[in-house]
Amino acid sequence: MTEEDFITHAHPTTIEKDVVSSVAPSNIALIKYWGKYGNQLPENASVSFTLSNCHTKTTLSYQKKDSEGFDFSVFLDDAPAPSFEPKISTFFERIKEYIPFLEKYSFTIHTTNSFPHSSGIASSASGMSALALCLVRMEQQMNPQMDQALVTRKASFLARLGSGSASRSIEGPLVVWGKHPKIEGSSNLYGVPFPYKVHPTFENFQDTILLVDKGEKQVSSTLGHDLMHGHPFARQRFEKANANLTALISVLESGDLSEFIHIVESEALSLHAMMMTSRPYFILMKPNTLEIINRIWAFRKKTGTSVCFTLDAGANVHVLYPFSEKEKVLSFIKEELSAFCKDGAFIIDQAGSGAQLL
Ligand code: PMV
């Protein structure tokens, strides 16, 4: 599909006012997206697991208006959240070509996250995908001909324009975003479910998120992506990410956990290596991030388990492991790793499904 396919030309029905609600998961990338061009297009393909417990619920109330321009107000946990407004304005600006009635309605957006706002877990993927799904549902209400496959695809397409990784939060559990020569149907415009066989080892794959630093990000991902322009290792990074995704296809099929660990940990460290070698350079890991990584390595060696880690653009550590190792790894986390978390906090999660209308 091309960008033009997401432009709607006619809306047979007009609705005076209504309410739509959705819930959308956060996701954790195995192959990382870091670097973009043009209109939120990724420099390399990425793949992630959607999560089960970390999600955003959004209720969008809309009412017809006569005035020009955008009109919306946004609430987080029922309290006004003016700090979200600039991001939503930018989002509306980017999607108005595809949601032509956006300026014809006043919107009230109520949003709530299942994880604490101050957890350092990015809410942009779940937040943008939940909002995108509400908007496409609104479009479907006015255009009942719109089929479900298009609703899903367009929600991912719009979510991408809000936050790249949000395109991977509409479907689940494994979603690819970015054109990749070995992945049929993959696109730079939207996420698609990983289309090949996945070994049962990766069913209910566990992700326990260790909250090392609950603070605001020191460097926004927008700035981080920008720093990949002119980065001395950018080309090699994009090629390596795509090669890692090629390798991951057979690993996901065979269930080869030792190769999985190698790819996933290397991706996490490469992402942070890009940050450390950009200009300006920066470090998002904290001393406790490194302490945890070293302890995961020692535990893996000692026990022969297949626990590994990945990182987002922050200090928190995502501990990944097969469901069959849950008991062993959770004891290790509680007894040893939680001491390196802020207030001992961690979130037990696992791969889940995609976004849903409520
Ligand atoms: O979606 P953004 O622009 O916030 O970028 C997120 C990038 C990473 O989370 C660091 C990696 C990824 O692929 O999710």
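Just so you know, ligand 1 is whichever comes first in the structure, and atom 1 is the first atom listed for that ligand. Just so we're clear, the structure is a prediction, and the values are computed from it rather than from any experiment.
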[atom] - nearest protein heavy atom and its distance:
| atom | answer |
| --- | --- |
| atom 3 (O) of ligand 1 | His225 NE2, 3.0 Å |
| atom 7 (C) of ligand 1 | Tyr33 O, 3.4 Å |
| atom 9 (O) of ligand 1 | Asp312 OD1, 3.3 Å |
| atom 4 (O) of ligand 1 | Ser221 OG, 2.8 Å |
| atom 1 (O) of ligand 1 | Ser165 OG, 2.6 Å |

Name of the residue among Phe92, Phe101, Phe91 meeting ring-ring contact (aromatic ring centres under 6.0 Å, His included) with Phe70: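 Considering Phe92, Phe101, Phe91, a ring-ring contact (aromatic ring centres under 6.0 Å, His included) with Phe70 is found only for Phe92.
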Atom indices of ligand 1, in the order listed, that fall short of 4.0 Å to a heavy atom of Ser163: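 Selected atoms, number and element: 1 (O), 2 (P), 4 (O).
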Closer than 4.0 Å to some heavy atom of Ala29 - which atoms of ligand 1 meet that?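 Taking each heavy atom of Ala29 in turn, ligand 1 has 12 (C), 13 (O), 14 (O) under 4.0 Å.
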Quick one: which of Val23, Leu131, Thr111, Thr112 gives a side-chain contact (heavy atoms from CB on, under 4.5 Å) with Thr56?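 Single side-chain contact (heavy atoms from CB on, under 4.5 Å) partner of Thr56 among Val23, Leu131, Thr111, Thr112: Thr111.
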Which of these, Asn244, Val251, Leu269, Leu30, sits in a side-chain contact (heavy atoms from CB on, under 4.5 Å) with Val264?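 When Asn244, Val251, Leu269, Leu30 are each tested with Val264, the side-chain contact (heavy atoms from CB on, under 4.5 Å) holds only for Leu30.
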Hey, is ligand 1 close enough to Trp34 that some N/O pair sits below 3.5 Å?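 Checking ligand 1 against Trp34, no N or O pair falls under 3.5 Å apart.
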Examine ligand 1 and decide if any of its atoms is less than 4.0 Å from a heavy atom belonging to Arg168.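 Yes.
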Heavy atoms only: give me the nearest Ala24-Ser126 pair and the separation to one decimal.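 Nearest heavy atoms, Ala24 then Ser126: O-CB, 3.3 Å.
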Regarding Arg153 and Glu171, does a basic nitrogen lie under 4.0 Å from an acidic carboxylate oxygen?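 Salt bridge flag = no for Glu171 with Arg153.
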Is the closest basic N to carboxylate O distance between Glu291 and Arg295 below 4.0 Å?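 Salt bridge flag = yes for Arg295 with Glu291.
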Cation over ring face, Arg160 and Phe157, 6.0 Å, 45°: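 Output yes; distance and angle both within limits.
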